[in-house]
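Just below is one structure, and these are the notes that go with it.
These numbers were taken from a predicted model, which means no experiment stands behind them.
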Amino acid sequence: MRSRFDLVLVSVLLSLTTTAAAGESNAPQKAPVPEGTALEASQKAAAELYGDRFRSAKTLADKTAVAADMIEAALQLQDGSADQYVLLKIACQIAAGAGDAATALRAAEKHAERFDLAAAKLKAETLLTAAREAATTAQHKGVAETALPVVGNLTDADEIELALDVCEAGRAAASKSRQFALVKELAAKADDLKQQQASSAEYRRALAVMDNDPAEPAANLAAGRYLCLVKGDWVKGIPMLALGSDAALKAVALMELRGVDSAEQQASIGDAWWDAAETRPGAERDTLRLRAGTWYQQAAPKLAGGLAGLKTKQRLAEISKLGREIPAASRAPAASQSPPLAIAPFDEKTAKQHQAAWAKHLKVPVLWTNTIGMSFVLIPPGEFDMGSTAEEVARLLGEAKEKSLPSWYIDFLPSEAPKHRIRITRPFYLGISEVTQAEYERVMGSNPSQFKGDPTRPVEMVNWDEASAFCRKLGELPPEQTARTVYRLPTEAEWEFSCRAGTTTMWYSGDDEALLKEHAWFSGNSGGTTHPVRQKAPNSWGLYDMHGNLWEWCQDTYQDQLPAGVDPVVAQSASSRVIRGGSCSGSAAYCRSAFRRGDSLSIRGVNLGFRLVSVLAGTPGK
């Protein structure tokens, strides 16, 4: 699961599966560390060229001069060659052994620039060697003055233990060279590192929790705080804060993830970070204000001349007193180019705006028809609260007992809780209706349904394996192969996100059962039989019969707990699968958006059918 935090993390919103790796693609390619006969030949040549001179060097200055000459010679050689590798490595060792931190670090830096070496670690080991060998006040001063930059490199690389070692070596060297301001600065840095070490340990513990429960609020808060407030990695950290247990940070993180259309919205996000900072202790308050500054800087040029612009200007002036540079806006490439996520709750107008924006972005239609006439509608990526709260489940259990609803319904109810945030990061097409008898017969050559008589009724009496076989065989039809279309059953999370369409009520039609009759076929209006698809009103996405008519197979294995995290799917080997949506023969309660049950994958029923997800070649999520 951890990969989710490098991706989502990451882009935040859709298609958001691009990561920071995109930014690394333009980095210079480093040569591998040479080995074997090429390395041996270079070592022999270096010994022949510089051996006598090194042996005759009597003073530390003489040895440093040899190292400096070797560095210059190496820089004239072919980059990435074994000869260059050997000269830079020996020069680094000689200078460090002579206690010359500056020359040794220059060799280490050039070495790491050209070869596949861990730069921060190499510099640290070099400086520690120079610190041990330093003998003069000037050499101790050189160690002290180079320690902080090396510590910064190690901190960025999460080498905190090594950073503490360098910090202590630098502090000792500063004391010996009477650089008392550096002694104080390095001691303070060591205290910061110890705090960061504790935060890093907490971050690792949080990731371990998230491996098993990716949406766990406290773990997401701990991980998000570390990434944002310690590492400054807002791209990866913001999605975690949005799942976290801190209400103020969660709210402003969600504001960021929704995206902005105007300078006023940018300033509003800045205000939200500023407000969140007000209740935080020193360093955290400063970091959050710097984040506010990132948004204020973007908004300020467009707000000049009004009160909002004046407030933005004043707050930027106050942030400048921190003496730290305001970070530039940091957003993952895909997130900056993609439309915002469809983050529930939202209304029908907003739902259609999301569909239109993503269709334009992906260069696909909102409504698409395949080669055999099946219709699909685009479902954009987004976020929603899946399931029911413990309080809602308790209420539903009480109502079920009052109405004498069957024990199987009561048994499944607790699995709806706890309600938690889910992110769907990939857009997909979902069939606007359940697969019909005519469509099934065209692909499979038979119609197993009991309720025949109208080919536009949904197909039933199909088990999970047969529904999956339909997906496969449909994709294998020659016209579909030419179109490179892939079909599958929806995941349980995709199903509920699609069903709710931005709503948070019991049904997408609301909480009034009387209104459900306009949207669904169930025991209250069906006459105990299925009905042709698309006869009732659709939801805000344009999907029909998500409530009632037939239960619908999902991709997931059934478990007594909801899936969690980003694009979740439970794909364990088991004999049961999730079914959703209720049916024509069942109570309105079974049709609720959150209700879930499991059934044997081999079962066939007159109230059990399915609908398809279609993923077009070239769109995210195939």
Side-chain angles (χ1 to χ4, degrees), residues 374-375 396 399-410 412-413 430-442 444 446-464 466-467 470 495 498-501 503 505-539 541-554 578-597 599-600 603-612:
M374 299 177 71
S375 295
L396 290 164
E399 292 176 356
K401 291 173 183 177
E402 288 177 6
K403 296 177 180 178
S404 299
L405 294 178
S407 60
W408 64 262
Y409 173 72
I410 292 173
F412 280 117
L413 270 177
L430 185 63
I432 66 171
S433 64
E434 294 153 338
V435 175
T436 67
Q437 295 178 24
E439 291 162 350
Y440 189 88
E441 186 167 6
R442 179 167 180 177
M444 305 297 284
S446 63
N447 178 8
S449 304
Q450 177 170 309
F451 294 117
K452 291 185 173 73
D454 187 329
T456 64
R457 287 187 178 191
V459 66
E460 8 90 11
M461 296 298 290
V462 176
N463 66 28
W464 189 88
E466 290 164 342
F470 178 89
W495 191 96
S498 301
C499 177
R500 288 188 178 278
T503 63
T505 48
M506 286 204 294
W507 305 281
Y508 55 71
S509 55
D511 289 324
D512 186 349
E513 184 176 324
L515 294 177
L516 181 63
K517 293 181 180 181
E518 302 300 318
H519 294 262
W521 295 110
F522 62 106
S523 59
N525 63 356
S526 70
T529 183
T530 62
H531 289 260
V533 299
R534 307 184 207 176
Q535 299 299 301
K536 293 294 185 178
N539 71 5
W541 294 133
L543 297 166
Y544 297 84
D545 302 315
M546 293 294 286
H547 298 313
N549 221 4
L550 291 180
W551 291 100
E552 298 179 12
W553 287 114
C554 292
V578 173
I579 58 176
R580 287 290 205 127
S583 73
C584 60
S585 61
S587 162
Y590 311 162
C591 299
R592 290 181 300 104
S593 299
F595 184 61
R596 61 196 297 269
R597 59 176 287 190
D599 222 329
S600 168
I603 196 171
R604 299 180 180 87
V606 295
N607 58 357
L608 184 53
F610 63 106
R611 75 178 67 219
L612 303 186

Residues which pass salt bridge (Lys or Arg N to Asp or Glu O under 4.0 Å) with Arg442, listed by chain and number, not counting sequence neighbours: none
With sequence neighbours left out, what residues match Pro455 under side-chain contact (heavy atoms from CB on, under 4.5 Å)? Ala438
In terms of heavy-atom contacts, His547 and Ser593 come closest through CE1-OG, 3.4 Å
Under 4.5 Å between any side-chain heavy atoms of Tyr508 and Arg500, yes or no? no
In terms of heavy-atom contacts, Ala467 and Val462 come closest through N-CG1, 3.5 Å
Minimum heavy-atom distance between Ala589 and Phe595, given as atom pair plus value: O-CB, 4.2 Å
Closest heavy-atom contact between Phe470 and Val435? CZ-CG1, 3.9 Å
Report yes if the side chains of Pro458 and Asp545 come closer than 4.5 Å at any heavy-atom pair, otherwise no. no
Scan Arg580, Arg597, Arg611 and name whichever one has a salt bridge (Lys or Arg N to Asp or Glu O under 4.0 Å) with Glu552. Arg611
Which label fits Tyr409 and Tyr590: parallel for a plane angle under 30°, tilted from 30 to 60°, or perpendicular past 60°? tilted
Applying side-chain contact (heavy atoms from CB on, under 4.5 Å) to Ala501 and not counting sequence neighbours gives Asn539, Ser540, Trp541
Go through the structure and list residues passing side-chain contact (heavy atoms from CB on, under 4.5 Å) with Asn447, not counting sequence neighbours. Gln437, Glu441, Ser449, Lys452, Val459
Quick one: side-chain contact (heavy atoms from CB on, under 4.5 Å) partners of Ile410, sequence neighbours excluded? Leu397, Ala400, Lys401
Is the backbone of Gly581 close enough, under 3.5 Å, to the side chain of Trp495 for a donor and an acceptor to pair up by distance? no
Which atom pairs, one a donor and one an acceptor, fall under 3.5 Å between side chains of residues 519-536 and the rest of the protein, sequence neighbours left out?
| residue | atom | partner | partner atom | Å |
| --- | --- | --- | --- | --- |
| His519 | ND1 | Ala537 | O | 3.3 |
| Ser523 | OG | Gly586 | O | 3.0 |
| Asn525 | OD1 | Phe522 | N | 3.0 |
| Asn525 | ND2 | Lys517 | O | 3.4 |
| Asn525 | ND2 | Ala520 | O | 2.9 |
| Ser526 | OG | Phe522 | O | 3.0 |
| Ser526 | OG | Gly528 | N | 3.0 |
| Ser526 | OG | Cys584 | O | 2.5 |
| Thr529 | OG1 | Arg457 | NH1 | 3.3 |
| His531 | NE2 | Ser526 | O | 2.8 |
| Gln535 | NE2 | Val533 | O | 3.3 |
| Lys536 | NZ | Lys517 | O | 2.8 |

Closest heavy-atom pair, Leu543 versus Leu430, reported as atoms and distance to 0.1 Å, is CD1-CD2, 3.8 Å
On a heavy-atom basis, the closest approach of Val606 and Leu550 is O-CD2, 3.6 Å
Starting at SG of Cys591, measure out to CG of Asn549 and round the result to the nearest 0.5 Å. 9.5 Å
Would Phe610 and Glu434 satisfy side-chain contact (heavy atoms from CB on, under 4.5 Å), going step by step from the backbone distance to the final call? CA-CA 6 Å; Phe610 63 106; Glu434 294 153 338; over 6 Å; no
Are Tyr440 and Glu466 packed together at the side-chain level, in the sense that at least one heavy-atom pair is separated by less than 4.5 angstrom? yes
